[in-house]
Every structure is written in C-alpha cells, then in structure tokens.
Amino acid sequence: MPNIQEKDLLADKLNAFIIPVDQVAHVQPSNSLEHALLVLVKSGYTAIPVLGSNNKLHGIISKARILDSILGIERMEPERLNNFLVSDVMAEDFITVQENSTFEKVMSLSIQYPFVCVEDENHAFAGIITRSKILANINGYLHDLRRARSVDNS
Ligand code: 4BW
C-alpha cells in the first residue's frame with residue numbers, strides 16, 4: 001500500500017467511484033414527461049440521465065425542466081405532461097468523461113455539476129460519478145494525511 005504522503009490523489013483512477021449504469025435511475029428519450037416525473041419523484045433525485053438504445057447518453061432530465069415545461073400563464077398545467085416527450089425537454093449540453101480519465105478532471109467538473117456521466121471506450125454510458133463520492137474520497141484522503149502527519153510528529 002503506498003505511503004499516504006506519496007499518494008497522488010489527483011491521479012486516482014475513476015473505477016472505484018463509478019455508480020454503474022444498472023444502479024443509475026434513468027429514462028428514455030421517447031418516454032412521456034409524466035413517466036419521467038414519476039421516475040424522478042419515486043427515485044428522489046433532482047436530475048437523471050436520459051439513455052437511448054445501446055445505452056447511448058442523450059441528455060439529462062430534471063424536475064425543474066419538467067415543471068418549467070408545464071408552467072402556464074396563471075397556473076401549472078399538468079395535463080401538458082403527456083403532450084411532450086423527454087427528448088423535447090431534456091438538457092443536451094451535458095459533460096462526459098472517459099472511464100480512463102482522472103480524479104482531478106472529475107473533481108474539477110463536480111464543482112459545477114452534481115454528477116458527471118462516464119462513457120466506456122465505445123462511447124456507451126457506463127455510469128455516473130456523484131459529487132458525494134468525490135467529497136468522500138477527498139475527506140478520506142485528508143484524514144489519512146492528518147493521521148500520518150501526527151504519527152510523524154510524535
Ligand atoms: O434517493 C437518494 N438516495 C441517497 N442515498 N441520497 C440521495 C437521494 N436523493 C438525494 N440524495 C442526496 C445525495 O447526497 O442528495 C444529494 C443531491 O441529490 P440530487 O442530485 O439533487 O438528486 C445527493 O448527492 P450525490 O450523491 O452527490 O448525487 C448528486 C446527483 O447525482 C443527484 C442526482 O441528480 C444524481 N444521482 C445520484 N445518484 C443517482 C443519481 N441519478 C440517478 N441514479 C442514481 N443512482
């Protein structure tokens with residue numbers, strides 16, 4: 001096991017942090033907005049990936065975008081939930097990283113994004129890395145470092 005003081009946190013590989021595709025709540029581009037809202041509410045997440053055939057990532061759908069799409073002039077119009085597909089409303093300006101990318105890159109992205117999508121070598125969606133996984137790794141590293149320094153100073 002490498003000495004904690006020699007460990008390069010920023011060069012960590014991503015595999016240990018990826019939540020794999022089969023554990024990621026997601027919807028398809030052709031699903032109705034009503035279905036997407038049900039999945040979001042049931043899963044408890046604010047935003048989830050939109051995956052097409054062969055696990056290709058098409059976008060990100062969020063509760064905020066769905067609510068915005070049914071906002072009428074004076075009231076919410078939930079009857080519109082079945083007038084739109086997920087593909088009409090999803091955000092398409094998402095960021096992805098490759099599985100062989102580094103912790104440093106994902107850590108920087110996680111400042112702006114609550115989760116980062118990971119692609120495999122065939123550009124299929126492999127899973128996500130969440131901000132909480134990033135913070136947990138940094139937290140563990142800093143605690144190990146403090147422990148090692150207090151041993152050195154004793
Ligand atoms: O249902 C939940 N279970 C757990 N264990 N934690 C949850 C749940 N819902 C929210 N949380 C917590 C997490 O700490 O609230 C944070 C913000 O959730 P979000 O963004 O706004 O729904 C969660 O932080 P996180 O673990 O760093 O996750 C960041 C974002 O990644 C979430 C959500 O958009 C996405 N996400 C996380 N796990 C997911 C997922 N999307 C799909 N499937 C998953 N398994």
Side-chain angles (χ1 to χ4, degrees), residues 4 7-72 75-147:
I4 185 69
K7 175 180 151 81
D8 183 359
L9 171 81
L10 299 181
D12 270 359
K13 290 291 176 205
L14 297 184
N15 304 31
F17 312 110
I18 299 176
I19 298 176
V21 56
D22 58 334
Q23 291 171 29
V24 175
H26 60 272
V27 291
Q28 297 176 340
S30 57
N31 288 149
S32 70
L33 279 195
E34 182 172 30
H35 175 78
L37 189 56
L38 276 172
V39 174
L40 282 160
V41 171
K42 280 275 174 200
S43 67
Y45 295 118
T46 309
I48 55 175
V50 180
L51 304 181
S53 54
N54 300 325
N55 281 348
K56 184 175 164 17
L57 179 65
H58 286 244
I60 308 286
I61 188 81
S62 64
K63 284 176 188 160
R65 278 188 170 249
I66 295 178
L67 293 178
D68 190 53
S69 73
I70 61 166
L71 193 60
R75 64 175 189 95
M76 300 300 279
E77 296 172 359
E79 59 277 13
R80 280 162 53 178
L81 281 173
N82 277 313
N83 296 350
F84 295 111
L85 300 178
V86 167
S87 55
D88 298 325
V89 171
M90 66 190 183
E92 292 174 272
D93 56 343
F94 52 83
I95 300 285
T96 59
V97 296
Q98 295 291 306
E99 274 174 317
N100 61 1
S101 188
T102 59
F103 185 79
E104 179 173 18
K105 177 153 190 195
V106 179
M107 185 181 70
S108 302
L109 289 170
S110 76
I111 295 169
Q112 187 177 356
Y113 301 98
F115 67 93
V116 177
C117 295
V118 183
E119 286 186 342
D120 68 17
E121 67 276 16
N122 301 315
H123 299 289
F125 177 82
I128 59 173
I129 299 183
T130 59
R131 193 179 276 159
S132 59
K133 293 262 182 195
I134 300 286
L135 286 172
N137 190 41
I138 297 170
N139 184 52
Y141 172 80
L142 292 176
H143 278 96
D144 288 348
L145 197 59
R146 187 169 62 184
R147 212 171 299 125

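Read the numbers this way: they start at 1 and go in the same order the structure lists the ligands and their atoms. These values consider heavy atoms only, across backbone and side chains, with no hydrogens, waters or symmetry-generated copies. This is a predicted model, so every value here is computed, not measured.
For ligand 1 and Thr46, the ligand atoms under 4.0 Å from any heavy atom of the residue are 19 (P), 21 (O), 22 (O). Residue Arg131 has at least one heavy-atom neighbour below 4.0 Å for each of these atoms of ligand 1: 27 (O). The Ile48 neighbourhood of ligand 1 comprises atoms 41 (N), 42 (C), with distances under 4.0 Å to a heavy atom of that residue. Those atoms of ligand 1 that come under 4.0 Å of a heavy atom in Ser43, given as number and element, are 1 (O). Per-residue contacts place Gly44 under 4.0 angstrom from the following atoms of ligand 1 (heavy atoms of the residue considered): 9 (N). Against a heavy-atom cut-off of under 4.0 Å, Ser132 is close to the following atoms of ligand 1: 25 (P), 26 (O), 27 (O).
For atom 38 (N) of ligand 1, the nearest protein heavy atom is under 4.0 Å away. Put simply, atom 16 (C) of ligand 1 has no protein non-hydrogen atoms near it, under 4.0 Å away. Of the protein's heavy atoms, at least one falls inside 4.0 Å of atom 29 (C) of ligand 1. Taking a distance limit of 4.0 Å, we find that atom 44 (C) of ligand 1 is approached by some protein heavy atom. The protein does not reach atom 6 (N) of ligand 1 closely, with no heavy atom under 4.0 angstrom from it. Distance screen at 4.0 Å: atom 21 (O) of ligand 1 has a protein heavy-atom neighbour inside the cut-off. Atom 12 (C) of ligand 1 lies below 4.0 Å from none of the non-hydrogen atoms of the protein.
Contact between Ala126 and Glu99 at its shortest, heavy atoms only, is CB-OE2, 3.7 Å. Scanning all heavy atoms of the two residues, the minimum distance from Ala25 to Pro49 falls at O-CD, 3.4 Å. Of all heavy-atom pairs spanning Val89 and Ile66, the tightest one is CG1-N, 4.2 Å. Taking every heavy atom of both residues into account, Leu67 and Met76 meet most closely at O-CE, 3.6 Å. The two residues Met107 and Leu10 have their closest heavy-atom pair at CE-CD2, 3.5 Å. The two residues Lys133 and Ile19 make their nearest non-hydrogen contact at CE-CG1, 3.9 Å.
In terms of modelled atom types and a separation under 3.5 Å, the side chain of Asn122 and the main chain of Ala124 share no donor-acceptor contact. Asp88 places a side-chain N or O within donor-acceptor distance of the main-chain N or O of Leu85, the cut-off being under 3.5 Å.
Closest to atom 4 (C) of ligand 1, if we only count protein heavy atoms, is Tyr45 OH, 4.3 Å. If you check which protein heavy atom lies closest to atom 40 (C) of ligand 1, you get Ile128 CD1, 3.4 Å. Atom 31 (O) of ligand 1 has Phe115 CD2, 3.2 Å as its closest protein atom, hydrogens excluded (heavy atom only).
Annotation: the span from Lys105 atom NZ to Gln98 atom CD amounts to 8.5 Å, rounded to 0.5 Å. Note: Ile48 CD1 to Ile60 CD1 = 9.0 Å, rounded to the nearest 0.5 Å.
In summary, of the residues considered (Phe115, Phe125, Tyr45), a side-chain contact (heavy atoms from CB on, under 4.5 Å) with Val24 occurs for Phe125 alone.
At least one N/O-N/O distance between Ala47 and ligand 1 falls below 3.5 Å. On a distance-only criterion, Ala25 and ligand 1 share at least one N/O pair closer than 3.5 Å.
Under 4.0 Å from ligand 1, the heavy atoms of Gln23 that appear belong solely to its backbone.
Heavy atoms from other residues, nucleotides or ligands lying under 6.0 Å from CG of Asn54 number 12 at most.
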